[in-house]
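Okay, structure first, notes after.
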Amino acid sequence: RKEVEQDPGPFNVPEGATVAFNCTYSNSASQSFFWYRQDCRKEPKLLMSVYSSGNEDGRFTAQLNRASQYISLLIRDSKLSDSATYLCVVNMGNTDKLIFGTGTRLQVFP
Amino acid sequence: EPEVTQTPSHQVTQMGQEVILRCVPISNHLYFYWYRQILGQKVEFLVSFYNNEISEKSEIFDDQFSVERPDGSNFTLKIRSTKLEDSAMYFCASVFSGELRQETQYFGPGTRLLVL
């Protein structure tokens with residue numbers, strides 16, 4: 001089983017739509033969780049950290065379910081500029097390396 | 001906003017040649033990392049570096065790879081004898097310290113390495 005698993009997509013959605021991405025991780029000892037955004041041929045950039053209580057940042061909401069080892073990202077009111085690859089990233093806690101999923105590609109069209 | 005910088009942005013080299021990729025981490029950061037991303041694949045951890053020594057390395061980081069912090073600002077990744085499969089985007093990242101596992105790793109823009 002992959003350490004971090006994501007649906008590669010692509011998700012093609014119209015502007016204004018709500019879209020949700022899911023991610024599962026295999027190691028129950030994982031401690032920290034993040035969503036990064038990566039534009040084509042660019043570096044990953046932190047979108048948001050994911051906390052057990054769930055957290056929201058504007059149009060973005062992240063949820064963590066430790067029992068199911070599942071992380072989600074919800075984007076409301078999609079903008080053209082949201083088009084990118086969204087990377088689910090996990091840290092085990094006993095190490096500082098980040099473990100990346102393969103990413104989910106989002107394409108928002110007018 | 002402070003940022004991680006990397007040079008060169010692109011490097012083309014012949015198989016068997018040595019390459020050095022350079023990174024300048026954010027100035028007050030203490031932990032440094034190299035990751036790579038082969039085209040179309042996920043970002044993979046290579047090595048972490050703290051207090052002038054490697055703190056962790058992955059299976060990818062074999063004897064052909066080395067890292068160094070030659071002065072107070074640069075952090076370098078050397079590949080001694082490049083192979084075709086080393087072609088990838090190489091990202092440097094840094095983090096301050098403290099609650100390490102919770103802190104954001106800031107990534108540089110990457111060096112695209114092409115081995116011919």
Side-chain angles (χ1 to χ4, degrees), chain A residues 1-10 21 23-27 29-53 55 57 60 62 64 66 71 84-105, chain B residues 1 3-6 9-10 21 23 25-26 29-51 54-61 87-114:
Chain A
R1 185 180 169 187
K2 289 182 186 174
E3 290 178 295
V4 179
E5 201 147 359
Q6 296 182 252
D7 180 345
F21 305 137
C23 166
T24 56
Y25 58 95
S26 61
N27 193 325
S30 300
Q31 295 282 329
S32 305
F33 309 91
F34 310 91
W35 284 102
Y36 276 73
R37 171 194 167 128
Q38 187 174 32
D39 292 292
C40 190
R41 295 176 179 265
K42 301 284 189 181
E43 74 273 25
K45 290 188 177 176
L46 180 72
L47 181 66
M48 56 200 305
S49 301
V50 188
Y51 304 116
S52 296
S53 54
N55 46 304
D57 183 2
F60 299 85
L64 168 64
R66 284 188 185 270
I71 306 159
T85 297
Y86 290 83
L87 308 176
C88 178
V89 183
V90 170
N91 171 275
M92 294 300 175
N94 60 350
T95 168
D96 47 351
K97 73 179 182 186
L98 297 179
I99 299 171
F100 286 78
T102 51
T104 298
R105 189 156 164 260
Chain B
E1 185 180 318
E3 54 186 24
V4 177
T5 59
Q6 290 185 242
S9 58
H10 294 78
L21 310 183
C23 168
I26 294 173
H29 284 189
L30 302 175
Y31 295 78
F32 314 113
Y33 311 86
W34 284 101
Y35 292 82
R36 80 167 186 194
Q37 186 175 31
I38 294 170
L39 189 63
Q41 296 187 25
K42 65 179 182 178
V43 177
E44 299 174 289
F45 169 79
L46 291 178
V47 66
S48 57
F49 190 86
Y50 169 68
N51 201 24
I54 290 173
S55 45
E56 187 176 358
K57 59 184 181 180
S58 70
E59 292 172 355
I60 304 166
F61 194 89
S87 295
M89 182 76 109
Y90 288 81
F91 294 109
C92 174
S94 70
V95 71
F96 175 52
S97 70
E99 292 295 314
L100 189 63
R101 316 294 185 236
Q102 301 287 336
E103 288 195 33
T104 302
Q105 291 187 17
Y106 292 89
F107 284 76
T111 294
R112 184 166 296 282
L113 176 66
L114 178 61

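These values consider heavy atoms only, across backbone and side chains, with no hydrogens, waters or symmetry-generated copies. Lettering of chains follows the sequences in order, A, B, ..., and the numbering in each one begins at 1.
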Test side-chain contact (heavy atoms from CB on, under 4.5 Å) applied to Leu98(A) and Tyr35(B), step by step
CA-CA 9 Å; Leu98(A) 297 179; Tyr35(B) 292 82; 3.4 Å; yes
Carefully, step by step, assess Phe45(B) and Asp96(A) under the rule side-chain contact (heavy atoms from CB on, under 4.5 Å).
CA-CA 10 Å; Phe45(B) 169 79; Asp96(A) 47 351; 5.7 Å; no
Quick one: what part of Lys97(A) sits under 4.5 Å from any heavy atom of chain B, side chain, backbone, both or neither?
both
Taking atom CZ of Arg37(A) as the centre, does the number of heavy atoms from other residues, nucleotides or ligands within less than 6.0 Å exceed 12?
yes
Closest heavy-atom contact between Pro44(A) and Phe107(B)?
O-CB, 3.6 Å
Do you know which of Gln105(B), Gln41(B), Met89(B), Glu44(B) has the most heavy-atom pairs with chain A at a distance under 4.5 angstrom?
Gln105(B)
Where does Phe33(A) contact chain B at under 4.5 Å (heavy atoms): side chain, backbone, both or neither?
neither
Taking atom CZ of Phe61(B) as the centre, report whether more than 12 heavy atoms of other residues, nucleotides or ligands fall under 6.0 Å from it.
yes
Can Gln37(B) and Gln38(A) be counted as having a side-chain donor-acceptor contact under 3.5 angstrom?
yes
Quick check for you: to the nearest 0.5 Å, what is the distance between Lys42(B) atom NZ and Glu3(A) atom CD?
5.5 Å
